[in-house]
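Throughout, a chain's letter reflects where its sequence line sits, starting with A, and its residues are numbered from 1. Below, all heavy atoms of this structure are taken into account, side chains as well, without hydrogens, waters or symmetry copies. From a predicted model like this one, the values you see are computed outputs, not experimental measurements.
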Amino acid sequence: SGSAVSDLEVEMKEVEGHLWHLRYPLTPLAGETAGEHPLDHLVVATTRPETMLGDTAVAVNPSDPRYADLVGQTLTLPLVGRTIPIVADDHVDADFGTGCVKVTPAHDPNDFAIGQRHGLPQITVMAKDGTMNEAAGRFAGLDRFEARQAVVAAMEAEGLLVKTEPHRHSVPFSDRGKVPVEPLLSTQWFVRTEPLAARCRAALEQGEPRFVPERWSKVYRDWLTDIRDWCISRQLWWGHRIPAWFVVSQTGGVITEATPYVVARDEAAARAEAEAAYGAAHAAAGQELVLEQDPDVLDTWFSSGLWPFSTLGWPGEPGGSEPADLARWYPTSVLVTGFDIIFFWVARMTMLAGAFLPEAGPPFGDVYIHGLVRDEHNRKMSKSVGNGIDPLLLIERYGADALRFALVREVAGAGQDIRLDYDRKSDTSGTVEAARNFANKLFNATRFALMNLGGETPASLGAPDPAALQLSDRWILSRLARVNAETAERYNSYALGEAAKGLYEFAWNEVCDWYLELIKRRLQVAADLEGVDREAALADQRTARQVLAKVLSELLLMLHPLLPHLSEELWHGLTGAPVASFLALQPWPEVDIAALDGSLEAAFAELIEAIRVVRNLRAVAGLKPAQPAPVRFITGRAELASLLQAASADITALTRAAEVVVWSPQETAAGGSERALAGVCGELQVLLPIEGLVDLDALRSRLEKDLAKAQKEIHGLAARLANPNFADKAPPAVVAECRANLAEAEAQAQLARQRLAELS
RNA sequence: GGGCGAUUAGCUCAGAGGUAGAGCACUACCUUGACACGGUAGGAGUCACUGGUUCGAUUCCAGUAUCGCCCACCA
């Protein structure tokens, strides 16, 4: 690549390489001849033999007794002939290999550090294009990997190759170039990071920014701790050019290490600054002052790290006040991003923002870290691997809202990654398809409303009269208020998946499955009704319309962040709002606290359960769906009885009941025995007296299932209650609930046994 | 070498200290005036393993195993 790269852009890969053991002869001491000393050489091991051409020392551990007397002596570097010292350095592990390490300060970070400690020269033997340079002597011009083979061959020819071992080790690869990178000395621009990082760490101590999920703050903090200086220059031709101008006329027209420079906003300012500093000297020498801008560009993450200012304006513009957007919007409330760029982007933004606006705190209050979409092999999707999904294919098949909803719905688990069930062969996804089906469901529910609102809108219908509300109205309004409160809380806490699931279930399982079904008969006012009956029916129709309009319009509002296009469209249809007004700009609907009614919701759940039992009995008995059958409920609980009584019209509509009768156990006994389908649900018995049409075996197995379930429950609850510790230590409410459940299960078991006995 | 996730139905995944949930797939029935991209009913799980805390653990804690990710200068 010919450019500097960041450590973050380097990927360590395990590769099968070799460890070459090379012999470096000791330089004979004065008065000795070669071979006279008992130890006339050292053996070093290396994975990159070509770098030996740049060796300037061999290091041993200072406490290694084998080499203690050799420290300070010298070796003759084979192939090159250079005399290099033997130095003692703690970095060397005496137990690895021979305990001797060749030191190449110009081509290895560790060796660089050793070189610094021992004042070793740095000999660069490789060029930026990966070939060996003139310092490599007879190997100059060879590619680095050719040079590796050539050096090994030359050492072997000289009898200095001791052995070659296979060796698995980590090699740094360039993310961009996909080839091993070479550590190389070069002059670059750096940002001193510690003062910036220290400010960020201090802010984090104060909880700024707040990471969601919280665990990512540790990743952020760790990276900002013991941070290295940041190399920000790149030798690429794209990017922001570094605003530094060299006064090349000071150094013979070329840029050297000694060339002075000025840093400024633009060339004119740079020239003014350079004139002030060097103009007089140039004039005295009769020279023209020549500037040359540094050809390097900034690291892309440096540029990206300036995002808050790129978007909102720059603080401290000369002669200007602070930009209006910056004053209004900085810091922003939330940054939404993936964990893979916490270092690259998030930390860079907080560091740079701290440099330019130290008083204002981090550039965003919250950092919401979402999961990544992974492919079917659990790999992160990336451009370079080429395992991404083209969202347009899924959008074309299922719609943009469906894709969005599916992804949001899957991110419930606190930033957990998403493995999308995407089938590459057919470009299909069950998850996205389910979201599409949901969108379709909403579309059809709204269509149903439009067909039944009589041309009115939520606004023209107004709020329903509380006194006119029916049971199902009060139920759905209570549910609406509760779902509203829950959803608001979920959005606020970034529990987006939970919000999506909650709305999905409310819309489908409650609004569509129950409420819409329950009001169908109320929305249709029979044509033959007259007088007060007609008046009452029309009033009730209006109530149903009012509730339906309110529920649906608020549902669309709550769903809007998740299904923006569809909800906007349906809302316009439902409300008749002009094209220029947007659902997106509507305030969040107020929670109707007065509508909340927990006991009503619980009672309604019992009603739903009763209806399910009836439907189940009908299915078990093999009744045709259209065939009416009488329904008898038997319960000793007065409130349940009155609920069922009050809802008998609803039950009739939803179960194809020929008639609905609610009896107490006494009334039942008085009525004598009747052949019937029977089911039990808690303390409720459900009878379908339809002699002759009964599949007795199916009914029996259904009752046996009920009995088994009740018995299992009795077993568990009784065992728990039998434990004396439970009664003593568990909260009284839990114990009471347990007793109640046991009583109910026993009642259920009893009823089931009784019915089974009657069957035989 | 450190750190972090995950392990729940055939598949993809939620969940919560008090008797296990969704979507898809599966079974049966149903073209009912919103919706077959649908409805009704149903089948399906030793919640990875081992200990601990607790009256009670699938849920909390510790360890183990497997999978995955991040960080780290051992030639």
Quote, to the nearest angstrom, the [atom1] distance that separates [N] from [M].
{"N": "C29(B)", "M": "G15(B)", "atom1": "C1'", "result": "32 Å"}
{"N": "A48(B)", "M": "U59(B)", "atom1": "C1'", "result": "15 Å"}
{"N": "U46(B)", "M": "G5(B)", "atom1": "C1'", "result": "25 Å"}
{"N": "A75(B)", "M": "U7(B)", "atom1": "P", "result": "35 Å"}
{"N": "U66(B)", "M": "C49(B)", "atom1": "P", "result": "16 Å"}

- Task: Would you check if the distance from the ring center of Tyr220(A) to the ring center of Trp216(A) is below 6.0 Å?
- Result: no
- Is Glu182(A) salt-bridged to Arg48(A), cutoff N-O under 4.0 Å? yes
- Item | G42(B) phosphate, OP1 or OP2, under 4.0 Å from Asn616(A) side-chain N/O | yes
- Query: Is the shortest side-chain N/O distance from Lys520(A) to OP1 or OP2 of A34(B) below 4.0 Å?
  - Reply: yes
- Aromatic plane relationship, Tyr504(A) with Phe438(A) - under 30° parallel, 30 to 60° tilted, over 60° perpendicular: tilted
- Task: For G21(B), give its Watson-Crick or G-U wobble partner with both distances under 3.5 Å, or none.
- Result: C13(B)
Filtered N/O pairs between nucleotides 21-23 of chain B and protein, under 3.5 Å:
{"unit_1": "A22(B)", "atom_1": "O2'", "unit_2": "Arg409(A)", "atom_2": "NH2", "d": "3.3"}

